[in-house]
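Accompanying notes for the structure given below.
Everything numeric in this text was worked out from a predicted model, so none of it was measured.
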Amino acid sequence: MLECHPRKTACGVQGSERVRSVSDILDAHWREPTRLVQVLRDVQRSHGNWLSPKALTEVAAGLGLPRAQVEGVAGFYAFLHLKPVGRFRVLVSDDATDVFAGSRALLAHLAERLQVAPGHVRRDGQVSLDVTSCTGLCDQPPAVLVNGLAVPRVEGARVDELVACIEAGTPVDAWPAALLRVDDGVRLRGPVLSSMLAPGEALRRALAQPYDAQVRTLTESRLRGRGGAGFPVVTKWATCREAPGSAVVVCNADEGEPGTFKDRALLAGCADLVVEGMTVAARFTRATAGFIYLRGEYEFLAPHLREVLARRRAAGLLGRDVLGERGFDFDVEVHLGAGAYVCGEETALLESLEGRRGVPRHRPPFPVTRGYLGRPTIVNNVETFADVAVVFGHGVEAWRGLGTGASSGSKLLSVSGDVARPGVYEVPWGVTVREVLALAGGADAQAVQVSGASGELVPPREFDRRIAFEDLACAGAVAVFGPQRDLLDVVTNFARFFAHESCGFCTPCRVGTHVAARSLDKLASGRGSDVELAELATLTRLLRDTSHCGLGATAPNAWRHWLEKFPDDVRRRLRDGFTPGFDVEAALEAGGSRGASR
């Protein structure tokens with residue numbers, strides 16, 4: 001397990017095609033079974049971009065794990081491959097924002113230029129082409145991933161450049177820097193994004209306070225988690241501190257909700273602030289180990305984060321006796337995900353950290369008392385930890401001067417879609433949807449999806465609603481759809497996203513999301529009737545009430561809000577006097593096949 005120790009820091013092969021033996025990779029990860037996902041990522045990178053049966057057998061033997069378990073984990077994650085996928089694996093983003101920006105035309109164009117059909121490997125084994133879910137680049141569409149590394153704004157001459165690099169066989173880490181450059185996308189800065197705190201400044205102020213004073217600071221700040229649920233930070237941390245055992249601090253940077261990219265901007269420009277908040281949390285909870293669980297699509301950020309961690313160790317801000325306080329030992333490691341939206345759920349994330357499939361756990365026990373390897377664990381998202389540093393660094397009064405009574409401070413919003421100025425906006429809690437549209441240049445919107453695919457679809461008559469925990473709670477995504485968009489296309493895209501990302505553990509989610517997508521397709525084709533509407537209503541209740549985790553429970557939100565709030569749009573889709581048939585076996589087959597593959 002990770003403890004505060006200088007040798008247990010960053011591992012991994014960023015973008016490199018250097019061949020290393022499986023044995024060398026296992027040694028680099030201390031032959032530790034909990035590092036299975038990291039081991040598989042590195043083995044795949046060094047051995048032809050896929051995991052051969054021989055490699056899986058070697059990994060299993062080297063970690064002392066059953067061969068079936070290793071293959072099961074590899075088969076769960078979208079970015080791990082059990083069959084050859086080509087030396088260059090090109091994935092085109094298929095979320096709604098990228099689709100409206102031309103990603104499907106881009107897919108067809110790349111298929112023609114690279115002479116490979118989507119879903120296939122070219123005969124020479126050089127390249128394969130497929131689609132993927134949201135890449136976290138919705139402000140810079142259309143985007144693609146090549147061997148896991150992000151390439152934004154793939155259009156015009158940039159398409160030619162990408163194709164030329166592939167055909168020349170140039171390793172991705174040797175591609176022109178401009179082609180791989182991802183802008184931070186920040187449009188409006190508030191107290192977090194504009195913070196001038198020096199590394200260690202907030203931590204020193206926190207250390208100067210006894211525990212009771214730290215509790216008072218967090219309590220008076222009214223800081224709530226920024227991951228969507230809005231749980232009070234002080235309550236979570238105090239519960240973790242009181243639990244027996246050495247605590248763990250986990251930063252959830254698995255920002256997989258379609259339309260969300262504000263954590264990407266924070267990690268790119270304010271990583272010190274985030275790690276500072278994690279270290280304050282470690283002091284509060286008496287934790288000795290920390291992880292940044294970074295989504296696989298953000299692999300390009302890993303070298304930067306590891307540089308920040310190394311610099312902080314050298315400055316005495318991580319490692320043994322942090323800031324000279326004897327016994328305050330805390331270090332942080334970057335752990336890369338491998339393509340599984342469900343790992344944004346905190347217990348699924350912990351399963352992945354422990355080297356398993358990212359299937360959410362039953363609760364209780366909750367992570368704060370029994371989390372990573374059975375130890376008390378706090379899991380907060382990137383923005384929450386940055387906010388903690390600002391609260392301790394600049395003081396409670398400045399923080400409480402922003403926002404509303406129940407929603408203090410600022411909120412980072414990822415604004416994308418049909419706006420003139422997409423990007424990251426830091427605004428006070430309580431801002432209205434209309435005010436956000438004015439900032440970003442989207443006044444003619446016909447609908448806004450607040451908080452991603454699992455959030456709420458808002459019509460124009462509700463644009464004066466406030467983004468706050470007491471009204472429109474928002475994890476960070478604001479996707480804007482102009483009058484030229486078909487909202488049925490939007491909600492169908494979201495339904496397909498959830499069908500694809502279901503972990504397959506429970507039948508309601510595994511099958512129900514596929515059935516819903518099929519019903520929405522029927523409405524889009526003009527063959528739908530009231531039967532489809534009734535079926536979608538039944539699926540909404542089923543998924544909400546019986547799904548194993550929040551992914552299934554929130555999957556119906558987009559189509560439910562479309563049905564409830566856009567009745568005129570819904571009614572015009574119906575074909576009078578038509579009674580559809582329903583192929584139960586086909587629906588079950590679609591849902592069951594996805595579950596088996598995960």
Side-chain angles (χ1 to χ4, degrees), residues 93 95-103 134-143 152-153 155 182-194 226 228 255 257-266 268-270 383 402-404 407 409-468 471-487 489-490 493-494 558 561:
S93 182
D95 74 281
T97 302
D98 282 88
V99 168
F100 293 149
S103 68
C134 181
T135 58
L137 298 170
C138 300
D139 57 332
Q140 300 166 58
R153 298 190 179 99
E155 52 193 355
V182 176
D183 297 333
D184 66 14
V186 174
R187 295 281 186 174
L188 181 64
R189 297 179 184 273
V192 175
L193 290 175
S194 64
R226 298 316 199 223
E255 184 179 46
E257 190 70 41
T260 309
F261 46 87
K262 48 91 179 178
D263 288 348
R264 184 200 77 210
L266 272 173
C270 305
E383 186 180 356
L402 294 173
T404 69
S407 308
S410 67
K411 181 74 190 91
L412 272 66
L413 299 178
S414 313
V415 184
S416 64
D418 297 315
V419 293
R421 296 175 293 278
V424 177
Y425 293 78
E426 185 180 0
V427 297
W429 279 109
V431 67
T432 67
V433 174
R434 195 178 308 279
E435 288 169 334
V436 173
L437 291 172
L439 285 171
D444 63 345
Q446 68 160 320
V448 176
Q449 182 76 14
V450 176
S451 206
S454 62
E456 186 164 349
L457 189 63
V458 180
R461 64 180 178 275
E462 297 182 10
F463 283 177
D464 289 319
R465 292 181 64 184
R466 297 190 176 276
I467 296 177
D471 188 0
L472 281 172
C474 181
V478 177
V480 181
F481 303 107
Q484 74 275 32
R485 305 303 181 194
D486 186 338
L487 293 183
D489 285 347
V490 173
N493 181 281
F494 290 158
H561 295 140

For residues V424 and D184, determine if any side-chain heavy atom of one lies less than 4.5 Å from a side-chain heavy atom of the other. no
Quick check: do S93 and S103 have side-chain heavy atoms less than 4.5 Å from each other? no
How close do A468 and T404 get, counting heavy atoms only, and between which atoms? CB-OG1, 4.5 Å
Contact between L266 and V192 at the side-chain level, heavy atoms closer than 4.5 Å - yes or no? yes
Once you round to the nearest 0.5 Å, how far does OG of S194 lie from CG of L188? 9.5 Å
How about C474 and L413: do any of their side-chain heavy atoms sit closer than 4.5 Å? yes
Ignoring hydrogens, what is the shortest heavy-atom contact between C138 and S416? Give both atom names and the distance. O-CB, 3.6 Å
Side chain to side chain contact (heavy atoms under 4.5 Å, CB included) partners for R466, two or more places apart: T432, D471
Rounded distance [0.5 Å steps], CZ in R226 versus OG in S410: 6.5 Å
Residues V436 and V415: closest non-hydrogen pair is CG1-CG2, 3.9 Å
Between atom CZ of R187 and atom CG of L193, what is the distance when rounded to the nearest 0.5 Å? 14.0 Å
Treating E257 as the side-chain partner and A477 as the backbone partner, does any N or O pair qualify as donor plus acceptor under 3.5 Å? no
Minimum-distance pair of heavy atoms, taken over all atoms of G442 and V419: CA-CG1, 4.0 Å
Between E383 and L412 (side chain of the first, backbone of the second, donor and acceptor by atom type, cut-off under 3.5 Å), is there such a pair? yes
Looking only at heavy atoms, which two atoms of G259 and C134 are closest? And how far apart? N-SG, 3.7 Å
State, to 0.1 Å, how close P460 and A445 come at their nearest heavy-atom pair, and which atoms those are. CG-O, 3.9 Å
Strictly distance-based, threshold 3.5 Å: is any side-chain N or O of D98 a donor or acceptor partner for the main-chain N or O of A143? yes
So which pairs with a foot in residues 433-460 pass ring pair (Phe, Tyr, Trp, His ring centres under 6.0 Å), sequence neighbours left out? none
Residue pairs involving residues 421-448 (criterion salt bridge (charged side-chain N to carboxylate O under 4.0 Å, His left out); sequence neighbours excluded): R434-D464
Going by side chain to side chain contact (heavy atoms under 4.5 Å, CB included), name the residues that satisfy it together with S414, two or more places apart in sequence or in a different chain. T260, F261, K262
What's the spacing between T97 OG1 and D139 CG if we round to 0.5 Å? 9.5 Å
Within the distance-only criterion (no hydrogens, no angle test), does the side chain of E255 pair as donor or acceptor with the backbone N or O of R264 below 3.5 angstrom? yes
Could you tell me whether the side chain of E456 reaches within less than 4.5 Å of the side chain of S451, counting heavy atoms only? no
Residue pairs, two or more places apart or on separate chains, that pass ring pair (Phe, Tyr, Trp, His ring centres under 6.0 Å) and touch residues 409-457: W429-F469
How about Q140 and D183: do any of their side-chain heavy atoms sit closer than 4.5 Å? yes
What I'd like to find out is whether the side chain of V450 reaches to under 4.5 Å of the side chain of E462, using heavy atoms alone. no
Hits for side chain to side chain contact (heavy atoms under 4.5 Å, CB included) against R485, two or more places apart or cross-chain, chain-then-number order -> F100, D418, Q446, F481
